[in-house]
Amino acid sequence: MSQPFRIISRSFSSSAVRQSVIKNVTIIGGGLMGAGIAQVAASTGHNVVMVDQNDEILSKSKANIAKSLQRVVKKKFAEKPQEGEAFVSDVLNRLQTNTDAVDSVKNTDLVIEAIVENLDVKKQLFAALDKAAPQSAIFASNTSSIPIKEIAVSTSRLDRFGGLHYFNPVPMMKLVEVIRIPETSDETFNSLLSFGKAMGKVTVNCKDTPGFIVNRLLVPYMMEAVRMVERGEATPQDIDTAMKLGAGYPMGPFELTDYVGLDTCKFIMDGWSQKFPDNPLFAQSPLLNKYVAEGKLGNKVGEGFYKTKK
Ligand SMILES: CCCCCCCCCCCCCC(=O)CC(=O)SCCNC(=O)CCNC(=O)[C@H](O)C(C)(C)COP(=O)(O)OP(=O)(O)OC[C@H]1O[C@@H](n2cnc3c(N)ncnc32)[C@H](O)[C@@H]1OP(=O)(O)O
Ligand SMILES: NC(=O)C1=CN([C@@H]2O[C@H](COP(=O)(O)OP(=O)(O)OC[C@H]3O[C@@H](n4cnc5c(N)ncnc54)[C@H](O)[C@@H]3O)[C@@H](O)[C@H]2O)C=CC1
């Protein structure tokens, strides 16, 4: 078997950094995030297998990727449309799909999980993948809110487990939070950092604390916005306008909730309100729960706090 690690010598330091070479990537989940991660990984030269529950979902994911790639090439290859076409075709050739997660990891270097925000479902998936993936493969979760360690314990590879938390829309958002648990080896962490950079992202290092960096600050802000509406202090429209024009945010909190998906937001809040019952920042929102119960899940279904085009 080939040696999975290489020594990288950095010119600015005499020390050498051990890390594995990541070429073959498996993304589990082809929804909003999985499709975005798959697109950018394939666009940056990686061989990608994107996995979801059935072919219909995967066809939609591929169609969304094709649409997003067109937006990217329109800018990047504005003067060279033929090169743009060749780029799109190369990217799509590097992107395979599979409905069998276990089969998809047999030759993988890195698994990135981007399925529903539910601890039990994630653990069940990783436990199955752990038996099938090569010993050298690194596992990462894109969870928004679940501690990485709680997911990682479903496997026998805690030293090869970490978090890669991307932001929506992945092709546009430049950040990836790279999370290590105490057991994550330096090799694994360095490989995850290098992979994030190889995808063209800026990486920040995070410990395995609730919400990492961005969501630990973003969630209380967004929850206070919905509580303002619940208290009758302002409308979603006025809050969104205020935060865009007064604070310079590209989207207001309600537009962003529709963009992220109200179901995902509720999964996050269900988890945090159970875990931190005494913290008022994470108390449930009756309004969010009502919208989710009515099936108003945001842009993905055409209606959330706003009616949008699907
Ligand atoms: C209030 C209710 C409370 C509920 C409580 C909730 C609990 C908390 C939930 C927390 C959720 C956390 C989720 C998570 O883990 C982390 C996240 O991802 S948080 C989300 C982070 N993302 C953002 O904050 C996005 C903010 N928005 C923007 O940056 C911009 O609006 C955006 C880039 C999306 C779009 O730009 P905009 O100017 O608004 O629109 P355009 O359509 O003109 O696009 C501009 C430019 O960008 C190109 N583009 C856009 N999307 C894509 C894409 N998917 N693929 C490729 N290209 C894209 C577009 O083509 C435009 O290009 P031009 O050349 O400029 O025309
Ligand atoms: N929506 C957002 O803005 C962000 C979400 N996240 C996180 O990313 C993860 C995915 O979120 P989204 O992409 O928004 O969700 P989504 O609902 O758009 O997609 C999830 C996909 O996973 C698939 N899936 C579910 N169980 C599966 C399984 N066992 N095997 C294979 N596929 C399975 C579903 O069919 C669906 O297509 C969640 O953990 C979420 O918290 C992280 C950053 C931003």
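Ligands are counted one by one from 1 in listed order, and the atoms in each one are counted from 1 as well. Just so it is clear, the values below take in all heavy atoms, side chains as well, and ignore hydrogens, waters and symmetry mates.
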- By number and element, which atoms of ligand 2 are closer than 4.0 Å to a non-hydrogen atom of Thr143? 39 (O)

- Is the shortest distance from a Lys or Arg side-chain nitrogen in Asp130 or Arg157 to a carboxylate oxygen in the other one below 4.0 Å? yes

- Output the list of atoms in ligand 2 that are nearer than 4.0 Å to some heavy atom of Ser144, sorted by atom number. 5 (C), 6 (N), 7 (C), 40 (C), 41 (O), 42 (C), 43 (C)

- Message: Counting the benzene-type ring for Trp, do Tyr291 and Phe305 have ring centres under 6.0 Å apart?
- Response: yes

- Message: Under 3.5 Å, is there a donor on one side chain and an acceptor on the other for Thr108 and Asn24?
- Response: no

- Can you list the ligand 2 atoms lying under 4.0 Å from a non-hydrogen atom of Ile57? 35 (O), 37 (O)

- Closest to atom 27 (C) of ligand 2 (judged by heavy-atom distance), picking from Thr264, Ile115, Val116: Ile115

- min-distance protein heavy atom vs atom 13 (O) of ligand 2 -> Met33 N, 2.8 Å

- Query: Does the distance from a Lys or Arg side-chain N to an Asp or Glu carboxylate O, for Lys296 and Asp258, drop under 4.0 Å?
  - Reply: no

- When you check the side-chain N and O atoms of Asn299 and Thr308, is any donor under 3.5 Å from an acceptor? yes

- Item | Sub-4.0 Å heavy-atom approach of Ala114 to ligand 2 | yes

- Task: For Lys122, counting its heavy atoms only, list the atoms of ligand 2 lying under 4.0 Å from any of them.
- Result: 38 (C), 39 (O)

- Distance under 6.0 Å and angle within 45° of ring axis: Arg160 vs Phe139: no

- Query: Taking atom 30 (N) of ligand 2 as the point of reference, which of Val51, Val170, Ile28 owns the nearest heavy atom?
  - Reply: Ile28

- Query: Should we say atom CD of Gln124 is surrounded by more than 12 heavy atoms from elsewhere, each under 6.0 Å from it?
  - Reply: no

- Message: Looking at Ser68 and Asn64, would you say the former's side chain and the latter's main chain have a donor-acceptor pair under 3.5 Å?
- Response: no

For ligand 1, output the ligand-protein N/O contacts shorter than 3.5 angstrom; if there are none, return none.
{"unit_1": "ligand 1", "atom_1": "15 (O)", "unit_2": "Ser144", "atom_2": "OG", "d": "2.8"}
{"unit_1": "ligand 1", "atom_1": "15 (O)", "unit_2": "His165", "atom_2": "NE2", "d": "2.8"}
{"unit_1": "ligand 1", "atom_1": "15 (O)", "unit_2": "Asn215", "atom_2": "ND2", "d": "2.8"}
{"unit_1": "ligand 1", "atom_1": "18 (O)", "unit_2": "Asn168", "atom_2": "N", "d": "3.0"}
{"unit_1": "ligand 1", "atom_1": "22 (N)", "unit_2": "Asn168", "atom_2": "O", "d": "2.7"}
{"unit_1": "ligand 1", "atom_1": "42 (O)", "unit_2": "Arg71", "atom_2": "NH2", "d": "3.2"}
{"unit_1": "ligand 1", "atom_1": "55 (N)", "unit_2": "Ser68", "atom_2": "OG", "d": "2.6"}
{"unit_1": "ligand 1", "atom_1": "60 (O)", "unit_2": "Arg71", "atom_2": "NE", "d": "3.1"}
{"unit_1": "ligand 1", "atom_1": "62 (O)", "unit_2": "Lys75", "atom_2": "NZ", "d": "3.2"}
{"unit_1": "ligand 1", "atom_1": "64 (O)", "unit_2": "Lys75", "atom_2": "NZ", "d": "3.4"}

- Note on the structure: Ala38 and Leu95 have their tightest heavy-atom pair at CB-CD1, 4.0 Å

- Item | Check: Thr184 and Asp159 side chains under 4.5 Å, non-hydrogen atoms | no

- Task: Inspect the contact between Lys122 and Glu150 and indicate whether a charged nitrogen and a carboxylate oxygen are less than 4.0 angstrom apart.
- Result: no

- Query: Do you see a donor-acceptor pair shorter than 3.5 Å between the side chains of Asn215 and Glu177?
  - Reply: no

- Task: Note the single closest protein heavy atom to atom 18 (O) of ligand 2, along with its residue, its atom name and the distance in Å.
- Result: Leu32 N, 3.0 Å

- Per-atom filter on ligand 2: closer than 4.0 angstrom to a heavy atom of Gly29 are 22 (O)

- Query: Under 3.5 Å, is there a donor-acceptor pair linking the side chains of Ser285 and Glu230?
  - Reply: yes

- Message: Contact between ligand 2 and His165 is defined here as a heavy atom of the residue under 4.0 Å from a ligand atom; is it met?
- Response: yes

- Query: If we ignore angles and hydrogens, is there a donor and acceptor under 3.5 Å between the side chains of Tyr306 and Asp240?
  - Reply: yes

- Per-atom filter on ligand 2: closer than 4.0 angstrom to a heavy atom of Tyr166 are 43 (C)

- Query: Identify the closest protein heavy atom to atom 1 (N) of ligand 2: which residue and atom is it, and at what distance?
  - Reply: Val260 O, 3.0 Å

- Note on the structure: Note: ligand 2 atoms sitting under 4.0 Å from heavy atoms of Gly31 are 13 (O), 18 (O), 19 (O), 21 (C), 37 (O)

- Task: Cation-pi check, Lys275 to Phe282: give yes when NZ or CZ is under 6.0 Å from the six-membered ring centre and within 45° of the ring axis, no otherwise.
- Result: no

- Task: Return the residue, atom name and 0.1 Å-rounded distance of the protein heavy atom closest to atom 35 (O) of ligand 2.
- Result: Asp52 OD1, 2.7 Å

- Task: Please report which non-hydrogen protein atom sits nearest to atom 8 (O) of ligand 2, along with the residue it belongs to and the distance in Å to one decimal place.
- Result: Asn142 ND2, 3.0 Å

- Of Glu117, Lys60, Gln53, the one whose closest heavy atom lies nearest atom 39 (O) of ligand 2 is Glu117

- Task: Identify, by atom number and element, the atoms of ligand 2 in contact range of Lys300, meaning under 4.0 Å from any of its heavy atoms.
- Result: 17 (O)

